[in-house]
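Read through the structure below, which is laid out as structure tokens, and then see the notes.
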Amino acid sequence: MSLSPAIPPPARSPYVGRLAPSPTGRLHLGHARTFALAAARAREAGGRLLMRIDDLDTARCRPEFTAAALEDLAWLGLRWEEPVIVQSARLDRYRAALARLHAAGLIFPCHRSRKDLAEALSAPHERAPGGGPPADDEPLYPLAWRPPADAPLPPLDAAGLATNWRFRVPVGRELVFEDGHHGPQRAVCGSDFGDFLVWRKDGYPSYQLACAVDDAELGITEVVRGADLIRSTFRQLLLLDALGAPLPAYHHAPLLTDERGVRLAKRHDALSLATLRAAGRSPATLLDDCGI
Ligand code: GLU
């Protein structure tokens, strides 16, 4: 097993960070804390801070949530560079990256449905050694479903772009990175996660591909985001490596939970920034309460 990609270095200088809200609902206190931490780290490093709107989930994203997120974060006192980067306006960049992965033979078309995958994974012999990814992660794609590595790939024409594509992970390779908050992180390709989606048949990149392309092209030197995305980092490291991009440093902020220990989600309306603001809370006391 190799230790490649290498452990990403500490944030390069000059520092470039980003805030990347998904406009699928109103932001809550947990977002405020993560985004405020990202802004503080950029400020302390004397660096730049970009704003990226992750609006590729067309079923759940709504323009009014983008406007609301920008307003809430500005109210909180965060400042970022203009122009705001909007993922849905960058589809040509993601298609170009997909074409590079295709030319390098690193992806394959997948015609299986989520239902096929769920059925296959309920068969005991398909379970990964070591248990595989946790239930809230993308399920482990059966190796038996991969086309042979030398099978010719269909072209990325209109029909090709209306197909799901997966990244062929280097089975058995160990990936490691040093998280700025959680310390050393490790995963083995093919056991902890499998061939993952990079392109969806609705014509959009997966979050993993869009995020890796943007972090590379925008020159992000440190990614600060919630700890729920630690497992995504391994996939993004593989994509960055495949695209020949420098690897950013990573700092995953612990997630806020409510008084019952349940992770804050956008449905916790009582803790939405809009509600807290309407109740007269000030940005300073909010950030103080969550330890920023
Ligand atoms: N848009 C993602 C979220 O709100 C964050 C993605 C990222 O920081 O890479 O959870």
Side-chain angles (χ1 to χ4, degrees), residues 8 11 15-42 48-63 65-70 72-73 76 78 80 84-90 93-94 97 136-138 177 179-182 185 193 196-198 200 204-240 243 245 247-257 263-268 271-273:
Y15 185 105
V16 187
R18 84 300 197 271
L19 307 173
S22 297
T24 54
R26 294 304 298 248
L27 299 185
H28 58 61
L29 204 51
H31 296 110
R33 185 189 193 214
T34 303
F35 291 137
L37 177 69
R41 290 186 66 81
R48 300 167 52 204
L49 185 65
L50 309 181
M51 171 67 78
R52 179 184 96 195
I53 302 295
D54 286 2
D55 63 342
L56 294 176
D57 182 348
T58 47
R60 295 169 61 224
C61 291
R62 302 221 306 256
F65 290 138
T66 299
L70 296 177
D72 286 345
L73 294 174
L76 209 54
L78 308 195
W80 52 86
V84 169
I85 296 131
V86 180
Q87 287 194 319
S88 58
R90 289 176 49 77
R93 305 307 309 153
Y94 310 132
D136 62 346
D137 200 2
E138 193 172 327
F177 73 94
D179 186 79
H181 181 88
H182 296 270
Q185 303 293 314
F193 66 97
F196 58 91
L197 267 186
V198 288
R200 308 191 313 235
Y204 285 84
S206 70
Y207 157 67
Q208 310 295 355
L209 180 65
C211 184
V213 169
D214 289 343
D215 286 339
E217 293 190 4
L218 303 172
I220 300 301
T221 63
E222 182 178 70
V223 170
V224 180
R225 59 186 172 196
D228 53 326
L229 291 169
I230 288 186
R231 290 190 304 266
S232 287
T233 301
F234 296 107
R235 298 170 172 102
Q236 292 169 23
L237 286 173
L238 283 178
L239 290 172
L240 289 163
L243 295 168
L247 306 177
Y250 291 91
H251 186 110
H252 289 90
L255 299 178
L256 272 191
T257 52
R263 193 182 131 194
L264 291 195
K266 289 178 187 138
R267 61 183 171 277
H268 278 69
L271 293 175
S272 79
L273 293 184

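Note that these values count all heavy atoms, side chains included, but never hydrogens, waters or copies made by symmetry. Positions are given from 1, in the same order as the sequence printed here. When a ligand or atom number is given, it counts from 1 through the structure's own listing order. This is a predicted model, so every value here is computed, not measured.
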**Q.** Test item: R33 side-chain N/O and P254 main-chain N/O as donor-acceptor pair under 3.5 Å
**A.** yes

Q: Can you sort out which atoms of ligand 1 are near Y207, meaning under 4.0 Å from one of its heavy atoms?
A: 6 (C), 7 (C), 9 (O)

Q) Listed by chain and number, what are the salt bridge (charged side-chain N to carboxylate O under 4.0 Å, His left out) partners of D55, not counting sequence neighbours? A) none

Q: Work out whether the distance between some heavy atom of Q236 and some atom of ligand 1 is less than 4.0 Å.
A: no

Q | Mutual orientation of the aromatic rings belonging to F35 and H31 [parallel < 30°, tilted 30-60°, perpendicular > 60°] | A | parallel

Q | Whether R18 lies under 4.0 Å from ligand 1, heavy atom | A | yes

Q.
Within ligand 1, which atoms have a heavy atom of A20 less than 4.0 Å away?
A. 1 (N), 2 (C), 3 (C), 4 (O), 5 (C), 8 (O)

Q.
Using a 4.0 Å cutoff against the non-hydrogen atoms of S22, which atoms of ligand 1 qualify?
A. 1 (N), 2 (C), 3 (C), 4 (O)

Q | ligand 1 versus Q208: contacting region, heavy-atom distance under 4.0 Å | A | neither

Q. Which bit of L229 is near ligand 1, meaning a heavy atom under 4.0 Å away: side chain, backbone, both or neither?
A. side chain

Q | Donor on one side chain, acceptor on other, D214 and Y94, under 3.5 Å | A | yes

Q) N/O of D228 under 3.5 Å from N/O of ligand 1, yes or no? A) no

Q) Can you list the atoms of ligand 1 that are under 4.0 Å from a heavy atom of R225? A) 7 (C), 8 (O), 9 (O)

Q.
List ligand 1 atoms under 4.0 Å from C211, heavy atoms only on the residue side.
A. 9 (O)

Q) Which of the atoms of ligand 1 are close to D54, meaning less than 4.0 Å from one of its heavy atoms? A) 1 (N), 2 (C), 5 (C), 6 (C)

Q | Residues in side chain to side chain contact (heavy atoms under 4.5 Å, CB included) contact with T233, at least two apart in sequence or another chain | A | F177, R225, L237, Y250, H252

Q: Output yes when R52 and D215 qualify as a salt bridge under the 4.0 Å nitrogen-oxygen rule, no when they do not.
A: yes

**Q.** Check: Y207/Q236 side-chain N/O donor and acceptor closer than 3.5 Å
**A.** yes

Q.
Strictly below 4.0 Å, N to O, side chains only: are E217 and R90 in salt-bridge contact?
A. yes

